[in-house]
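Structure first, commentary second.
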Amino acid sequence: MDDFSKFFDDEFNVIDWLNQAFRLQKESNQNIDNYTGILITKLQMYIQEMNNTIEETSQQAVQQFPRVLREIDVLRHEATLLQEQMRTVRGDIQKVNQDTADGMRNLIQLDSVKNRIQSASKALQEADNWVTLSAQIDDTFESKDFIQIATKLIAMQQSLKILTDVPDFADRVNQLETLKNRLEALISPTVVATFNTQDVDMARSFAQVFQSMDRADQLEDLYVTSVKTRLDARIRELIDNATSEHQTIFLTIYDYLSNLWQDEIRWCTKIFNHPTRVTLSIVLNGLKIFHSKYKSQFHTELHRQQISVKKRLEILLGCKQVSFQIC
């Protein structure tokens, strides 16, 4: 049996190997003593061969070991150099970051100084502009050119936004408000005439002027007041021309105010920033005018001696029903 590969098996079993060896001896009819002697000789030779192989391998390993140590030393030296380089690079990065931070701080400081200089320069320009405009405004009012007057007042208003820290700021504000009131008084008749003629283009021009002067609410009030005069005359006419039926008068007034709402909301939408608010104010004025003009007449007729209590109740219920239908 020359197959010694079984010795390399992880599950090698000596008894199984011997049984197999002697089974082969029996099958070959060899003398057991001769067969055993030959097998032992072969095992001894194989053991010697294995010893020689181990010895050679050991010698090679011993010879290779110094080279491995040298390579480890080289790697350790290279690692040390790499660490030094990394520390140098890290230091360079930190220096760049520090230099950049210092540079940014300097830039921020310079930008802040520049902004302060620009603000101071702008304030001086606006102060000079205020003085110039103040000196010119009376002559401009004399021209009665409301566009030029408004333009100068708007410029003065812009100057005040910059001059908030000047000692006489409150006086300047009061002066500007006085000039705005003066302009408003100057152009109010023209504005009212424009409203009465329903001139959309002119009305828009006035609206732009008032909005630029932060007086849009005053223009809306002026329009509501101008319409109130027409309302007063129209409601008086409707009351005078109505029949004696109170319900009919109520219906007539409510129809008029309903149509008035539709007309006014269309007009106000073209002119004002808050058309619904303006239109609502107009309709409420109409109701107040109706109440003030019809209250005395209604009360007098309701308390005439010729009218029975039942009739009075019918009139009140009828008027109430009309009001509820409209609402």
Side-chain angles (χ1 to χ4, degrees), residues 181 183-207 209-211 215-307 309 311-327:
N181 292 336
L183 174 61
E184 187 176 332
L186 176 66
I187 65 175
S188 288
T190 307
V191 173
V192 172
T194 299
F195 288 154
N196 290 336
T197 59
Q198 301 283 287
D199 188 333
V200 175
D201 292 334
M202 279 296 294
R204 284 176 174 168
S205 297
F206 285 121
V209 169
F210 275 74
Q211 289 167 11
R215 291 212 160 191
D217 291 346
Q218 284 83 341
L219 183 65
E220 293 175 0
D221 293 341
L222 185 60
Y223 179 68
V224 172
T225 302
S226 70
V227 174
K228 187 176 181 180
T229 303
R230 290 188 280 116
L231 276 178
D232 188 281
R234 182 55 181 160
I235 290 174
R236 181 187 297 275
E237 180 184 358
L238 292 173
I239 293 173
D240 293 342
N241 295 336
T243 64
S244 58
E245 289 290 334
H246 296 288
Q247 292 93 324
T248 303
I249 295 176
F250 272 68
L251 280 172
T252 300
I253 296 299
Y254 288 152
D255 284 342
Y256 167 68
L257 293 178
S258 177
N259 292 329
L260 178 69
W261 172 275
Q262 299 298 328
D263 294 339
E264 290 298 331
I265 197 69
R266 282 194 294 269
W267 161 260
C268 292
T269 301
K270 299 174 184 178
I271 309 302
F272 303 111
N273 291 333
H274 306 97
T276 303
R277 183 176 67 188
V278 176
T279 305
L280 182 60
S281 298
I282 292 172
V283 173
L284 288 176
N285 279 341
L287 289 171
K288 291 177 182 178
I289 292 170
F290 173 61
H291 178 266
S292 65
K293 293 188 177 302
Y294 194 63
K295 177 179 66 173
S296 178
Q297 179 181 337
F298 183 76
H299 185 271
T300 300
E301 294 185 9
L302 197 63
H303 288 81
R304 286 188 303 171
Q305 294 182 356
Q306 295 87 344
I307 299 179
V309 174
K311 182 61 176 178
R312 293 173 185 171
L313 184 59
E314 289 177 355
I315 293 173
L316 289 173
L317 291 175
C319 293
K320 179 180 180 182
Q321 186 177 5
V322 170
S323 298
F324 279 172
Q325 288 175 353
I326 298 299
C327 296

Grab the two heavy atoms, one from [X] and one from [Y], that are nearest each other, plus how far apart they are.
X    : Y    : value
D232 : I289 : N-CD1, 3.8 Å
V278 : C268 : CG1-SG, 3.7 Å
K270 : R266 : CG-O, 3.5 Å
L231 : G286 : CD1-N, 3.8 Å
A207 : I271 : CB-O, 3.7 Å
S226 : V192 : CB-CG1, 4.0 Å

- Backbone N or O of T276 within a donor-acceptor pair of the T279 side chain at under 3.5 Å?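 No, because the side chain of T279 does not come within donor-acceptor range (under 3.5 Å) of the backbone of T276.
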
- Item | Donor-acceptor contact present, side-chain T225 to main-chain D221, <3.5 Å |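 Such a contact is found between T225 side chain and D221 backbone.
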
- Message: If you count every heavy atom of other residues, nucleotides or ligands that lies below 6.0 Å from R277 atom CZ, does the total exceed 12?
- Response: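 More than 12 within 6.0 Å, yes.
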
What's the separation between atom [atom1] in [X] and atom [atom2] in [Y], rounded to the nearest 0.5 Å?
X    : Y    : atom1 : atom2 : answer
F206 : R215 : CZ    : CZ    : 15.5 Å
I235 : K228 : CD1   : NZ    : 10.5 Å
L222 : D217 : CG    : CG    : 12.5 Å
R230 : N196 : CZ    : CG    : 5.5 Å
N181 : S188 : CG    : OG    : 10.0 Å

With side chains defined as the heavy atoms from C-beta onward, is the minimum distance between [X] and [Y] less than 4.5 Å?
X    : Y    : result
E220 : F210 : no
E264 : L257 : no
W267 : D263 : no
E184 : V191 : no

- Task: Please state whether the rings of F272 and Y223 are parallel, tilted or perpendicular, taking 30° and 60° as the class boundaries.
- Result: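 Ring orientation, 0 to 90° scale: tilted.
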
- Query: Can you tell me if W261 and Y256 form a side-chain donor-acceptor pair at under 3.5 Å?
  - Reply: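 Y256 and W261 do not have a side-chain donor-acceptor pair below 3.5 Å.
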
- Item | Test log, rule side-chain contact (heavy atoms from CB on, under 4.5 Å), inputs F290 and L238 | CA-CA 10 Å; F290 173 61; L238 292 173; over 6 Å; no

